[in-house]
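This report concerns only the one structure given below.
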Amino acid sequence: MDRMIKNAYSMLSPSLIWLLLFLVIPVIYIGVISFTTNTGFGGILYEFSTEAYTAAFSSLYAKVLWQSLGWSLLATVLCLVIAYPFAYYIAHAGKWKNLLLLLVMVPFWTNLLIRLYAWIILLNNHGVINNLLMKLGIISEPLSLMYSPFAVIIGLVYGFLPFMILPIYASIEQLDRSYLEASEDLGASPVKTFLYVTLPLTFPGILAGIIITFVPAVSVFVVTDLLTGGKLLMVGNVIKDAFLIEMNWQLGSALSILLMVLVLLSIVIFMKFTSGKDRKFLI
Amino acid sequence: METMVQLDNVSKKFDESYAVENVSLNIKSGEFLTLLGPSGCGKTTTLRMIAGFEKPTSGSIYINGKKMDNIEPYHREVNTVFQSYSLFPHMTVFDNIAFGLKMKKVKKEEIEERVNKVLKMVQLADFGKRKPKQLSGGQQQRVAIARAIVNNPSVLLLDEPLGALDLKLRKQMQLELKHLQQELNITFIYVTHDQEEALTMSDRIVVMNAGKIEQAGTPYEIYEKPQTRFVADFIGETNIIGGNVTEIKENYAALEFGSQEVYVPNNNYQTGEKMFISVRPEKIHLHTVQQEGKISLKGRVKEKVYIGSLVKWIIDVGNGNEVKVQQSASDVEDLALDTEVFVSWNPDNSVVLKQ
Ligand SMILES: Nc1ncnc2c1ncn2[C@@H]1O[C@H](COP(=O)(O)OP(=O)(O)OP(=O)(O)O)[C@@H](O)[C@H]1O
Ligand SMILES: [Mg+2]
């Protein structure tokens, strides 16, 4: 047994070293920087200071932080609502399954930045959607779809939908069909079978989907950059600007650490809420 | 007794081949009926059509006199015990068993009472709070049965429910199931490919082969009076002897068997006709001297297998033919290999088979 564990570690060591070099050390470094003193223009004086955190908790940044969490949460919920039926359909699509899965994954081959430009063309005042609605006479003035939280949510949902679809698809695909038959055999209609059997048994997929959608969504900055031209901010924008424009590494680091803590905290709370007592709330 | 389940010329085609072909069957209320046959003969498919998980390609199924053509599984008065149990892993044993009653909107107190009653019946009274994963195979199997019978189904379908259990537990569960069936007077349609299980438990056995019914009858009829080569061969051990009728003597027809002859009761047989008969090894006697009477084949001891209460012999009767003989251990004379012996049986104990 001991030897197996040793073997496992030695086989894992390249990836462990990788993780250490490019994840653990940078995070520690950022943590350290967040408590140093800012001497201006990216200068770092290794003297303890909580100035960056005081700034980060100021109402401006705090608002952006909450706003980011709120938008990503909403986008995650929307992704879930869209992705579940979609994943369910793919899992039961028979011979079309592989093609549909491929279509879900195609967007990964293009940078999100470029794909978001397509949404600018769709959403802007003279864009496809406004033109169409005006031609149909549904509206007389163009709607300002861009530069609004609406655009941000669209961008987030669009960008992260595949992250939700894939794990849910996997869990539906793996679901043993005989459970569904057992349920019908015991008198449950398809709707009840879905609620009492399919949904709880695919819950691990939903959970994974929520986490891997929410986490990158909350820190993304290209969506707000492109679809609101920087008018609306997510915490990713603020962090990027702190590092690159204000050259305030302490503030950027402090915001990064806060974001990380908040995300971890929300995941922990979420898991506690959903996995405790065997997810009785579903039954 | 009235008919509970009727299969009227039912066929099921998958792709281009028949899994079940022209099966007609009347199953009486309270009957323990077993579908028996080798792997892939269509037992599960037949059961799944009765449960409603598969639609027959042609023919109709009636349950309690009602045509089931367009009735969904959740509206049928049958419950299934699945081969893999299919207990819901996210529910406790209690919730698993209560599921069917909850779906029927039975009152909470009544659910409690009925679930606890069946839990007692299957001797799992203290296991209600466990998850299926925390039970042994035999316990899971009993939960699966409890989950089905708690609904008081008219018909219980069981697909090799004991397949995953070890021999001893299986024997014990066979008895328990049989008692349960008699006690509750539920119609059982039971699938197995274990012939011994079928013989001990069933009121009636339906032997299937390649999607068709070979023979249906009581265990006694199936074992003692097999009608086809397949049934004779599939159920228990037997000697199948094929030969041409050489002459008709009084009430017996003589068949050539290598260079010797055996006799069967005559039934309008013609000389020259090719026939097959089955003789069970336990109906055959072994002697050291030539016997008076119809059949007495000369041979040599080729193999002897001692299996406790029984001794099995293989006797080489020449021309490449062998006869299997089985004696109870107390009757055995200790014969060495290659000893000259004579095998005999009463012609009335042989069964003539359809081709
Ligand atoms: N869904 C299906 N699609 C295609 N062919 C099928 C399907 N289900 C069963 N078959 C075929 O139908 C035939 C009968 O299968 P069935 O499962 O009824 O056999 P069985 O008698 O239950 O065998 P076993 O003892 O191995 O369980 C087999 O040849 C099988 O390959
Ligand atoms: Mg089967």
Side-chain angles (χ1 to χ4, degrees), chain A residues 80 84 87-88 91-97 167-211 270-283, chain B residues 44 47-54 71-106 111 115 129-134 140 143-153 155-159:
Chain A
L80 177 60
Y84 202 100
Y88 193 88
H92 295 92
K95 60 180 173 178
W96 298 106
K97 190 154 52 183
I168 293 179
Y169 161 79
S171 67
I172 295 175
E173 171 72 26
Q174 280 164 20
L175 181 65
D176 190 342
R177 281 203 56 80
S178 75
Y179 294 133
L180 311 184
E181 288 185 349
S183 168
E184 289 205 4
D185 188 75
L186 293 164
S189 62
V191 173
K192 284 184 170 169
T193 297
F194 178 78
L195 288 177
Y196 295 129
V197 181
T198 311
L199 207 51
L201 287 179
T202 52
F203 202 74
I206 297 177
L207 199 71
I210 287 175
I211 290 172
F270 175 65
M271 302 253 268
K272 265 250 150 59
F273 170 66
T274 51
S275 66
K277 282 286 153 253
D278 309 315
R279 313 194 286 268
K280 263 280 192 242
F281 67 99
L282 279 172
I283 298 181
Chain B
T44 298
L47 216 59
R48 287 172 60 79
M49 286 194 285
I50 298 173
F53 299 130
E54 306 280 3
I71 309 287
E72 297 294 339
Y74 45 93
H75 287 139
R76 298 192 184 196
E77 296 165 54
V78 300
N79 285 114
T80 306
V81 177
F82 293 87
Q83 177 162 18
S84 53
Y85 312 147
S86 296
L87 299 175
F88 304 124
H90 58 299
M91 296 183 198
T92 60
V93 166
F94 186 97
D95 288 335
N96 262 284
I97 299 174
F99 190 81
L101 299 175
K102 276 185 194 156
M103 292 304 115
K104 287 198 200 98
K105 304 216 161 61
V106 175
I111 292 182
V115 172
K129 289 205 179 66
R130 294 221 200 163
K131 286 290 185 62
K133 248 191 282 176
Q134 298 166 310
Q140 288 180 30
V143 175
I145 291 169
R147 185 174 71 171
I149 61 175
V150 75
N151 303 293
N152 290 332
V155 182
L156 193 61
L157 308 174
L158 303 100
D159 193 355

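Note on naming: letters A, B, ... go to the chains in the order of the sequence lines (proteins, then strands), and numbering restarts at 1 for each one.
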Please find the pair of heavy atoms, one from A:Y179 and one from B:L87, that lie closest to each other, and give the distance.
CE2-O, 3.1 Å

A:L186 versus B:M103, closest heavy-atom pair with distance:
O-CB, 3.9 Å

How many angstroms lie between OG in A:S183 and OH in B:Y74, if you round to the nearest 0.5 Å?
10.5 Å

Should the pair B:F99 and A:Y196 be assigned to parallel (<30°), tilted (30 to 60°) or perpendicular (>60°) ring geometry?
perpendicular

Side chain, backbone, both or neither: which part of A:D176 has a non-hydrogen atom closer than 4.5 Å to chain B?
neither

Show the nearest heavy-atom pair for residues A:E184 and B:P73, with the distance to one decimal.
OE1-CG, 3.5 Å

Correct closest heavy-atom pair for B:S86 and A:A182 would be O-CB, 3.9 Å

B:N79, part contacting chain A, at a heavy-atom distance under 4.5 Å
both

Say you draw a straight line from CG of A:D185 to CG of B:L157; how long is it, rounded to the nearest 0.5 Å?
7.0 Å

Tell me, for B:R48 versus chain A, whether the close heavy atoms (under 4.5 Å) come from the side chain, the backbone, both or neither.
side chain

Note: vs chain A, highest number of non-hydrogen pairs under 4.5 angstrom among B:A148, B:P89, B:A51, B:A144 is B:P89

Mind checking the OG-CD spacing from A:S178 to B:Q83? Nearest 0.5 Å is all I need.
10.5 Å

Using heavy-atom distances under 4.5 Å, tell me whether A:T193 contacts chain B through its side chain, its backbone, both, or neither.
neither

